[in-house]
**Student:** 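I'd like to ask you about the structure that follows.
Positions are given from 1, in the same order as the sequence printed here.
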Amino acid sequence: MTVRLARWQPEFPVDRAALKSRFEDASRGLTSNAFRPAPGVRRIFVSGFDPFGLDAELRRANPSGSAALRLNGRRITLADGTTAEIRAVVLPVRYADFDAGIVERAYGPRLAAGPGSADMITSISQGYPGIFTLEAWAGRARSADPYPDNADALSGGTYEHPVTAPGLGPGAEFLRTSLPTGAMTGVQAPYPVRLNTAVTEIPAGQQGPVDRADGPTPGSRAVAGGGGGYLSNEVAYRSNRLRLELRPDLPGGHLHTPVLTGTARRPRPVDRGRLRAQRGRDHRGGAGSAARL
């Protein structure tokens, strides 16, 4: 759709950058994630991610984005019998969007004081097979090169030479989760849930990176949080840096979902004719068909 917008030649002036930004924000839920007014209903705000690496495998999905789409707008009953409403956004896997503040635009309205504010925030991304992982620490640095984003762009940071993301507000090198990790790791079925306290840092007075299993040491520089030095770590850092600025008592953190498995090692080529036909059937089938995708 963004390609079609770029190729569109209207007979009147149009601000293409603003048009693309409005489309991106609307399609990702940034313009329609307000909680419904309801006394006594708790409010949980989450984010997921687009699929990534589609150039290598078209069938790839991202369970964090799928979870966000599935949960958005739902009301659930919590263990204590209270009701919670979940609102969600889906974020791009592109450094440029993060540089432009998409995380802060997504989380800011739900962290601002008022009746529409969240009671808890959690960023979500794809993790490891067969396990949910709560990340204890988010690091301030980018260090994932040479692994590119979905626009084939690099961050400029490596494991040996991490960099700070452009436009990032002031904050500590590492931020710790404030989610109720004890209660969350008490759930071990149908998938185990673990708390990951590992980080990579450059210790104070040293030049090289060091892996730490039990969190950062005083005065160190961040290389990678528990989730690495990619955008999954950065969304956790950005959202929780903003949380500490606006709502420091609010629970917040990052969750890695189990990775999707089952794609064949040598998948059959995609039959694009059949794919278009199936999309047509899903479109004609209405909301019930779309919900199965």
Side-chain angles (χ1 to χ4, degrees), residues 44-49 62-64 67 79 98 103 107 120-144 147 155 157-165 168 170-245 247-259:
I44 302 172
F45 188 71
V46 304
S47 65
F49 272 111
N62 192 324
S64 71
F98 275 55
V103 175
Y107 279 87
M120 176 185 286
I121 64 166
T122 306
S123 53
I124 309 172
S125 63
Q126 177 176 272
Y128 315 99
I131 191 170
F132 283 93
T133 307
L134 292 164
E135 300 301 345
W137 297 97
R140 188 173 173 83
R142 289 177 176 175
S143 57
Y147 192 80
S155 72
T158 66
Y159 189 78
E160 290 76 18
H161 300 286
V163 298
T164 299
L168 194 59
E173 287 293 304
F174 290 96
L175 300 179
R176 188 176 176 89
T177 183
S178 59
L179 292 173
T181 55
M184 297 173 79
T185 53
V187 178
Q188 294 295 313
Y191 290 97
V193 181
R194 75 178 183 97
L195 177 64
N196 178 29
T197 59
V199 300
T200 303
E201 65 176 10
I202 298 176
Q206 299 186 29
Q207 300 296 318
V210 175
D211 295 332
R212 302 281 189 192
D214 54 355
T217 56
S220 67
R221 182 183 179 189
V223 176
Y230 196 49
L231 291 171
S232 56
N233 170 76
E234 189 169 325
V235 68
Y237 187 92
R238 284 182 178 270
S239 60
N240 283 280
R241 191 207 67 81
L242 190 62
R243 174 185 62 79
L244 289 169
E245 180 181 304
R247 300 279 303 285
D249 296 330
L250 200 73
H254 187 80
L255 173 69
H256 272 107
T257 71
V259 67

**Student:** Have S178 and R243 got a donor and an acceptor in their side chains that come within less than 3.5 Å?
**Tutor:**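 Distance-only check passes for S178 and R243.
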**Student:** Using side-chain heavy atoms (C-beta onward) and a distance below 4.5 Å, is R241 in contact with P170?
**Tutor:**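 When only atoms from C-beta onward are counted, P170 and R241 do touch, with a gap below 4.5 Å.
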**Student:** Measure across A222 and A141 and return the closest heavy-atom pair with its distance rounded to 0.1 Å.
**Tutor:** O-CB, 3.2 Å
**Student:** Below 4.5 Å, heavy atoms only, C-beta onward: do Y128 and P258 meet side chain to side chain?
**Tutor:** no
**Student:** Among side-chain atoms of S125 and H254, is any donor-acceptor pair under 3.5 angstrom?
**Tutor:** yes
**Student:** Mark yes or no for whether N196, through its side chain, and T133, through its backbone, hold a donor-acceptor pair below 3.5 Å.
**Tutor:** no
**Student:** Around atom CD of Q188, are there more than 12 heavy atoms of other residues, nucleotides or ligands at under 6.0 Å?
**Tutor:** yes
**Student:** With no hydrogens and no angle check, is any side-chain donor or acceptor of N233 less than 3.5 Å from a backbone partner on G229?
**Tutor:** no
**Student:** Say you draw a straight line from CG of L255 to OG1 of T181; how long is it, rounded to the nearest 0.5 Å?
**Tutor:** 12.0 Å
**Student:** Over all heavy atoms of both residues, which pair between H256 and S232 is shortest? Give the atoms and the distance, please.
**Tutor:** NE2-OG, 3.8 Å
**Student:** Which pair of heavy atoms, one from P209 and one from Y159, lies closest together, and at what distance?
**Tutor:** CG-CE2, 3.5 Å
**Student:** Could you check whether any side-chain heavy atom of P162 comes within less than 4.5 Å of a side-chain heavy atom of I202, counting everything from C-beta outward?
**Tutor:** yes
**Student:** Is it the case that T217 and E201 place a side-chain donor and acceptor less than 3.5 Å from each other?
**Tutor:**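 E201 and T217 do have a side-chain donor-acceptor pair below 3.5 Å.
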**Student:** Measure across T185 and R194 and return the closest heavy-atom pair with its distance rounded to 0.1 Å.
**Tutor:** CG2-C, 3.9 Å
**Student:** Should T177 and W137 count as side-chain neighbours, where that means a heavy-atom distance under 4.5 Å?
**Tutor:**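 They are not in contact (no side-chain heavy atoms under 4.5 Å apart), so the answer is no.
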**Student:** Supply the atom-to-atom distance T197 OG1 to R212 CZ, rounded to the nearest 0.5 angstrom.
**Tutor:**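 T197 atom OG1 to R212 atom CZ measures 12.5 Å (nearest 0.5 Å).
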**Student:** Are any non-hydrogen side-chain atoms of V235 and F49 less than 4.5 angstrom apart?
**Tutor:** yes
**Student:** From T122 OG1 over to E135 CD, what is the distance, rounded to the nearest 0.5 angstrom?
**Tutor:** 12.5 Å
**Student:** For the pair Y107 and S123, evaluate side chain to side chain donor-acceptor pair (under 3.5 Å) and give the outcome as yes or no after the intermediate values.
**Tutor:** CA-CA 10 Å; Y107 279 87; S123 53; 4.7 Å; no
**Student:** Shortest non-hydrogen contact from V223 to S143?
**Tutor:** O-OG, 2.6 Å
**Student:** Is there a side-chain contact between M120 and L179 (heavy atoms, below 4.5 Å)?
**Tutor:**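 They are in side-chain contact.
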**Student:** For a side chain to side chain contact (heavy atoms under 4.5 Å, CB included) check, start with the C-alpha distance between F132 and V187, then their side-chain angles and the critical distance, and finish with the verdict.
**Tutor:** CA-CA 10 Å; F132 283 93; V187 178; over 6 Å; no
**Student:** Quick check: closest heavy atoms across F174 and T200, and the distance to 0.1 Å?
**Tutor:** CZ-O, 3.5 Å
**Student:** Between CD1 of I44 and CD1 of I121, what distance do you get to the nearest 0.5 Å?
**Tutor:**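 Interatomic distance, I44 CD1 to I121 CD1, rounded to 0.5 Å: 12.0 Å.
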**Student:** Considering only residues two or more places apart or on different chains, which pairs with a residue in residues 223-237 satisfy salt bridge (Lys or Arg N to Asp or Glu O under 4.0 Å)?
**Tutor:** R142-E234, E234-R238
